[in-house]
Amino acid sequence: MPETGGYLDRVYDVDTPEAMRVFYDDWAETYDAELAANGFGSPARVAAALARFSPDRDAPVLDFACGTGLSGAALVQEGFGCIDGVDISEGMLAQARRKGIYRRLWRMKPGGAIGAEPGVYAAITAVAAISPGAAPADLIAPLIDLLPRCGLFALTLNDYAIEQGYLDPIDGAVAQGECELLMRERGGHFPTIGLGSTVLVLRRL
Ligand SMILES: C[S@@+](CC[C@H](N)C(=O)[O-])C[C@H]1O[C@@H](n2cnc3c(N)ncnc32)[C@H](O)[C@@H]1O
């Protein structure tokens with residue numbers, strides 16, 4: 001894997017939840033510039049995928065692990081008008097707050113409750129949010145549980161996550177009849193390091 005000289009070289013090796021929070025707090029101020037320089041493609045791909053299946057772009061969306069708000073900004077570009085965000089890093093949330101695009105932002109504890117009421121959000125996004133170097137795969141089931149019937153879950157899983165079995169909870173939810181898979185499409189995540197991601201859109205049944 002080519003090196004970028006930035007935080008991206010190290011993020012996939014951060015292991016404990018507390019180390020993750022500290023890592024993202026440190027990265028927050030330079031995160032947007034570094035990701036732009038690496039051609040971060042996933043936010044726009046998820047927002048376009050969600051727009052394709054959303055009947056109402058004014059319905060509330062929860063941007064899980066919203067970071068500095070690049071994922072929320074992509075949703076705004078697609079016409080979504082009511083976006084809340086949650087993250088573990090106060091540094092990342094401070095940058096997201098500055099963008100002025102979220103209705104509400106809050107911090108959750110690493111490994112703690114997400115802090116949203118079930119049934120409130122018509123859609124949940126998780127962009128570059130569930131993977132090695134971000135939230136664990138065991139958050140997929142509780143995120144699906146937050147959705148009302150017909151609610152949409154649009155997320156990316158990068159190539160590392162797929163290699164490490166992060167699809168299993170999604171396959172499980174589909175096999176159990178909790179969700180249907182509307183879309184699955186691999187594309188560019190960080191072209192500079194040759195890393196792809198798969199966009200998945202699920203509908204709660
Ligand atoms: C690569 S960033 C993605 C941020 C944003 N969605 C984007 O598209 O730029 C991963 C985010 O996951 C957050 N994170 C890491 N572990 C988490 C956890 N256990 N629960 C919630 N968020 C977490 C980090 O603080 C960071 O903001």
Side-chain angles (χ1 to χ4, degrees), residues 4 6-50 61-78 80 83-99 101-102 105-116 123-143 146 153-161 166 169 187-190 192-193 195-197 199-200:
T4 68
Y7 283 80
L8 261 187
D9 293 340
R10 291 179 282 132
V11 64
Y12 299 113
D13 298 324
V14 182
D15 45 13
T16 69
E18 185 52 23
M20 197 84 74
R21 186 190 63 74
V22 171
F23 186 88
Y24 279 102
D25 274 352
D26 286 349
W27 193 1
E29 273 193 29
T30 55
Y31 176 92
D32 286 9
E34 184 175 343
L35 268 62
N38 285 282
F40 188 29
S42 289
R45 291 172 51 227
V46 166
L50 185 62
V61 179
L62 176 62
D63 186 19
F64 173 74
C66 61
T68 61
L70 295 179
S71 36
L75 290 169
V76 170
Q77 285 292 314
E78 288 288 344
F80 289 93
I83 310 162
D84 290 348
V86 59
D87 202 279
I88 59 166
S89 159
E90 190 45 53
M92 297 292 271
L93 285 165
Q95 299 295 324
R97 219 166 272 123
R98 282 195 194 167
K99 290 193 172 69
I101 55 178
Y102 290 93
L105 287 164
W106 73 92
R107 190 172 96 77
M108 62 178 276
K109 288 194 178 142
I114 296 164
I124 297 176
T125 52
V127 178
I130 300 174
S131 80
D138 61 14
L139 276 158
I140 290 174
L143 286 166
L146 287 178
F153 185 26
L155 71 155
T156 52
L157 292 178
N158 69 30
D159 296 341
Y160 299 138
Y166 282 58
H189 189 56
F190 294 123
T192 49
I193 57 171
L195 188 66
S197 69
V199 172
L200 299 137

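Quick caveat: nothing in here was measured; it's all calculated off a predicted structure. Atoms within a ligand are numbered from 1 in the order they appear, just like the ligands themselves. Scope of the values below: all heavy atoms of this structure, side chains included, with no hydrogens, waters or symmetry mates.
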Asks: Need the ligand 1 atom indices (1-based, order shown) with element for anything under 4.0 Å from a heavy-atom of Met92.
Replies: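 That gives atoms 27 (O) of ligand 1.
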Asks: Counting each atom of ligand 1 from 1 as listed, which ones have a heavy atom of Phe64 under 4.0 Å away?
Replies: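 Answer, ordered by atom number: 20 (N), 21 (C).
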Asks: Can the ring centres of Tyr7 and Phe23 be said to be less than 6.0 Å apart?
Replies: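 Yes: the rings meet the under 6.0 Å criterion.
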Asks: Quick one: which ligand 1 atoms are inside 4.0 Å of a heavy atom on Ala135?
Replies: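 Listed by number with element: 15 (C), 16 (N), 17 (C), 18 (C), 19 (N), 20 (N).
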Asks: Could you name the option among Ala65, Ala73, Ala128 that has the heavy atom nearest to atom 4 (C) of ligand 1?
Replies: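 Among Ala65, Ala73, Ala128, the closest heavy atom to atom 4 (C) of ligand 1 belongs to Ala65.
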Asks: Under 4.0 Å from a heavy atom of Ser89: which atoms of ligand 1 are those, numbered in the order shown and with their elements?
Replies: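 Answer, ordered by atom number: 25 (O).
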Asks: Look at ligand 1 and say whether Pro17 reaches it with a heavy atom at a distance under 4.0 Å.
Replies: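 Under 4.0 Å: no for Pro17.
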Asks: Do Thr125 and Ser71 get their side chains close enough for a donor-acceptor pair, meaning under 3.5 Å?
Replies: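 No pair is found: no donor N or O on one side chain lies under 3.5 Å from an acceptor on the other.
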Asks: Output the list of atoms in ligand 1 that are nearer than 4.0 Å to some heavy atom of Ser71, sorted by atom number.
Replies: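 So the atoms of ligand 1 that pass are 5 (C), 6 (N), 7 (C), 8 (O).
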Asks: For Pro136, take its heavy atoms, then give the atoms of ligand 1 lying under 4.0 Å from any of them.
Replies: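 Counting atoms of ligand 1 from 1, those under 4.0 Å from Pro136 are 19 (N).
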Asks: Give the numbers and elements of all ligand 1 atoms closer than 4.0 Å to a heavy atom of Met20.
Replies: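 Listed by number with element: 15 (C), 16 (N).
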Asks: Return yes or no for this condition: an N or O of Asp63 is under 3.5 Å from an N or O of ligand 1.
Replies: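 So ligand 1 has no N or O lying under 3.5 Å from an N or O of Asp63.
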Asks: Taking 4.0 angstrom as the limit and counting only heavy atoms of Gly67, give me the atoms of ligand 1 inside it, by number and element.
Replies: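 Counting from 1, the qualifying ligand atoms are 4 (C), 27 (O).
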Asks: Is Asp32 salt-bridged to Lys99, going by a charged N under 4.0 Å from an acidic O?
Replies: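 So Asp32 pairs with Lys99 through a salt bridge.
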Asks: Under a 4.0 Å heavy-atom limit, does Cys66 contact ligand 1 with its side chain, its backbone, both, or neither?
Replies: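 Backbone only.
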